[in-house]
Amino acid sequence: MSLAQVHYTSAAPGDEGTAGRFTAVGPGVSGALLAEIEPLLRHELPDGVPDHPSDGELRSLPQAFTYAALSDGSRLVSRSAPVRATGGGVGPGVRFHAHAVHLPPGVPLPGDRLPVEAWRSPHWVAVTPGGAIPDPLTLPPGPTAVSEGLDDFAVSRGPWLAAVLADLRRASEPTESGGRPVVLVERQSADVARWLGLASVTLPRESAERLTFTTYTRRPGSSAGRVVGVLPEDAETARAAGLRVHVCAGQPPSAGGTDDAWAATAARVWRSRSPELFREARELPGEPFAAGPLAVTALCAGITLGPDERAAAAGWAADRPYALDAKRTGQLVEALTSPGIDDRTGPEFDAAGRLFGALEGRCPAAVTAPLAAMLVTEAVRGGNGSLELPRRDAFVGPEGAAVAERLAPEILTELSDTAGTRSVARTVQLLRVARLLGVDGTDALPGVVDRLAPALLAEAAAEGGTDTPDFAPALLELLDEQFEVRTALLGALDRIAPQDPGAVARFLERVTLPFTGTQALPHLRMCAEVPGAMATLGGDRPAVWHRVLRAAGLSPFAEPLVLRTAVGLVWEDRAPTVEEARLLLDAATSDSHRVAGTWARLVDAALGAPAAEPSATGTPAGPSAASTDEAAALAHDLLRGFPGEIGGRERAGLLLLDLVRELRTGAPEPGWAETVRTLCAQAEPVEPALRERAHAALVERLLAPDRPGAELYDFVHGDDTELIAAYDRIARTETVRTRLRTQPAYAADCFTVWTAHPHAGRTWPPVAAALLDEVLRPAVRAMSAEDVAEVEATAGRTGSSGRAEAFRTWNRSSTLGRLGRRIAGRVRRG
């Protein structure tokens, strides 16, 4: 089929306002298409073109070789070249001529060639022909001139290869917009064509056909092509337009290029002058631009690749273990395990591990043995704890013996090291490799598990959250593989559980350890039981405690440490209540609590009990009264049961509680106020509730009618601000006020006390005076005349006649005061 050709040249002299004109148009090219084609054919010469260039200077000027897609689905291949002027034109001595071929929709190039292959066609002309000329797209059969020298060009552009190929690949994608082209900066437009020649060999056919381009333009921002070439002086214009610019005509980039593994592999193939590998790689299964097939092909051909590309090759082969024949599989393994490689990465080793797993059992052991040896060597020397290790039978024979002999001393030395800090994953990996290679680590095992057990808890806590720790899968595999390690490690965890049972319980919630066998492991079983017990029984802590204790399978009398574990699990972050502490104390002997150390929790419960509301009668009142009595009784029992263990401030606090019990129920030793002061000082920092409880108990006894006078005297003259404030506070309670109003004898007694010590220090007199005026006076006012007389008489009998006279005077002043206020009010109203 004959293709329509179009010729376009610079404007003739006198054609002002036009850039050029069509001088010949083949059949089938409409006027609308010509309007779309014309901007594609215009050629803007670079700055500084001589007026009368020599033949060499003319040949060195850039040519625009263009492949464009038109709006109707047709395509255009053209060459715009500078020519010597024979008259006026765009420059004094240079014009341009454009020669184009129009390809209707769906019509391929002759010979099914790619557009870039017509770049060096000898049939492009620089003048408008007088008759028919050969189609420049009709090329002779076989390789064309475009492929000549591509290897040398690729090597010369090595620093830019990977980055440019990555961008050309992206530019060839179906969804890529042609409005933001990739810009290649070269001194010669022919080198831009060579880049496109590299792309035509590297990319799949359908991708290369989508690459519209022009090898030269002065206006890259307005170009419709996906790839454009510019001269160095126009690079800044391209950057200003926000385009992706590759300056391939200057200093090589300091960092080479791209994180695209496919492009990096393609660049290495070109630098190895092996472009035939692209066709070979496309015959392998996989996505068009997957790095795996190309990387496998390159490695099998002996081309050196980087770690990302090797990882891609190993990963691809692991997913398709049947895609390669035995020869290429062997070549791939040999390339991956080459002793000359010193830049392997974690992802590469992981991919190699997957490849080993895919090939093991499908290939002879001689093929997979190098992979296995590389993996275990990395596990020991590289510290890669995420590696998927081979099975034990991978090292049967001389290969295994050689690896074991080389690595065994390193493994045992590191496992026995007690000075360094080793992660859980590292320890687990070493133990697994030791078994894999048959290394005898029996002597080192006790020390290893003693260090591993606390490390498990510490690392899991450091990770936080509730997810399974990173080391858990490898740990569970280790315990499944090695019975002796499982037994020793579970025993070590069981031994440390009483020290921090909460941490062990949280660990077991995240890592399900296999301890359902014949080992007793009472503490681990308790730690595993507590989440379910709490979920079922809720806030009933005594019930949870009983259930957890039953899970141990041992009596606290036989194994007291189960007490510690159970208490730590149920009351981890708080002290028991007094009632709960009494239950714990009665559940085992004092010897059991002494061995378990749980007596300290009972002391905390007693000292931390809330204070009761005071009463004036010596009997506890209020919602916390029962717990106060129980706390005091508990303190008494703890002092008897653990005399050698309780000391310091805790002992003083318990003695203070015991004194509270005696103040309320018995007759403590004399010197109450001084004892309270002394014990509070010894118990510092004393709990506020305990101090309040002790003060209240003392004051309640001192406000009782039967208190010893000597104790009251010592109290008043002790001038203790806190104790006197407590006395004032409790004397003002409704209980005291009610008793004053209803019991004349009690009112008389309080009058006697509150007036008997007018010079007892600085604190007592103002408090006593305020109580007389603000507490006793309102109570007396509310009494009947007979009750007032009885108060007066009782004050005289228990004190003296002077005391009765003092009461009459005090009461009369109150009456006169009321009478005076009534008279003053009447005068004001009059």
Side-chain angles (χ1 to χ4, degrees), residues 67-69 73 75 77 103 106-119 137 139 142-144 146-147 150-151 153-154 157 161-178 181-182 184 192-213 225-227 244 246 257-301 303 305 308-309 312-313 315-317 319-320 323-324 328:
Y67 170 59
R75 292 160 296 155
V77 181
L103 296 169
V107 175
L109 270 71
D112 202 26
R113 304 282 189 152
L114 288 170
V116 73
E117 294 184 71
W119 162 47
L137 305 186
L139 302 173
T144 61
V146 72
S147 62
L150 282 185
D151 290 350
F153 177 76
R157 296 301 190 269
L161 264 177
V164 173
L165 289 177
D167 272 351
L168 292 181
R169 175 187 66 79
R170 284 190 286 270
S172 71
E173 293 174 354
T175 57
E176 179 69 18
S177 171
V182 175
L184 303 178
V192 178
R194 291 185 179 94
W195 274 114
L196 294 163
L198 292 178
S200 70
V201 176
T202 309
L203 301 176
R205 171 82 187 208
E206 59 275 13
S207 298
E209 288 180 338
R210 282 192 291 266
L211 274 183
T212 56
F213 57 81
R226 298 190 179 201
V227 182
R244 176 75 168 165
H246 296 275
T258 178
D259 56 1
D260 187 325
W262 173 86
T265 306
R268 289 178 182 267
V269 169
W270 275 113
R271 289 201 296 270
S272 299
R273 301 177 183 270
S274 304
E276 70 279 358
L277 297 181
F278 293 112
R279 183 177 62 256
E280 188 177 334
R282 284 196 280 269
E283 295 174 358
L284 295 177
E287 295 298 321
F289 295 107
L294 185 58
V296 166
T297 304
L299 288 174
C300 291
I303 296 175
L305 299 182
D308 292 344
E309 296 83 68
W316 178 88
D319 294 336
R320 301 166 181 83
L324 302 178
R328 298 179 84 183

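Every heavy atom of this structure was used, including side-chain atoms; hydrogens, water molecules and symmetry mates were not.
Partners of Glu276 by salt bridge (charged side-chain N to carboxylate O under 4.0 Å, His left out), not counting sequence neighbours: none found. For Asp167, the side chain to side chain contact (heavy atoms under 4.5 Å, CB included) test picks out Arg170, Val182, Arg244, His246, with sequence neighbours left out. Residues passing the ring-ring contact (aromatic ring centres under 6.0 Å, His included) test with Phe213 are Phe65, Tyr67, sequence neighbours excluded. Not counting sequence neighbours, the partners of Ser272 by the side chain to side chain contact (heavy atoms under 4.5 Å, CB included) test are Ser274, Ile303. Remark: Ala281 pairs with Leu294, Thr297 by the side chain to side chain contact (heavy atoms under 4.5 Å, CB included) rule, at least two apart or across chains. Qualifying side chain to side chain donor-acceptor pair (under 3.5 Å) partners for Trp262, counting only residues two or more places apart in sequence or in other chains: none. Arg273 meets the side chain to side chain donor-acceptor pair (under 3.5 Å) test with Asp152; sequence neighbours excluded. Every residue two or more places apart in sequence or in another chain was checked for a salt bridge (charged side-chain N to carboxylate O under 4.0 Å, His left out) with Arg75, and none qualifies. Under the rule for a side chain to side chain donor-acceptor pair (under 3.5 Å), Trp316 has no partner lying at least two apart in sequence or in another chain. Residues forming a salt bridge (charged side-chain N to carboxylate O under 4.0 Å, His left out) with Arg279 (at least two apart in sequence, or on another chain): none. Remark: Arg271 pairs with no residue by the side chain to side chain donor-acceptor pair (under 3.5 Å) rule, at least two apart or across chains.
Checked against the 6.0 Å centroid criterion, the rings of Trp270 and Phe153 do not qualify as a close aromatic pair.
When side chains are defined from C-beta on, Phe289 does not count as touching Asp260, because their heavy atoms never get closer than 4.5 Å. Arg205 has its side chain within reach of Asp112: a pair of non-hydrogen atoms, C-beta onward, lies under 4.5 Å apart.
The minimum heavy-atom distance linking Leu211 with Ala199 is given by the pair CD1-CB, 4.0 Å.
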>> I'd like to know whether Val77 forms a side chain to side chain contact (heavy atoms under 4.5 Å, CB included) with Trp119, so could you lay out the CA-CA distance, the side-chain angles of the two residues, the decisive distance to 0.1 Å, and finally the verdict.
In response: CA-CA 9 Å; Val77 181; Trp119 162 47; over 6 Å; no
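Under the salt bridge (charged side-chain N to carboxylate O under 4.0 Å, His left out) criterion, no residue pair touches residues 281-298, with sequence neighbours excluded.
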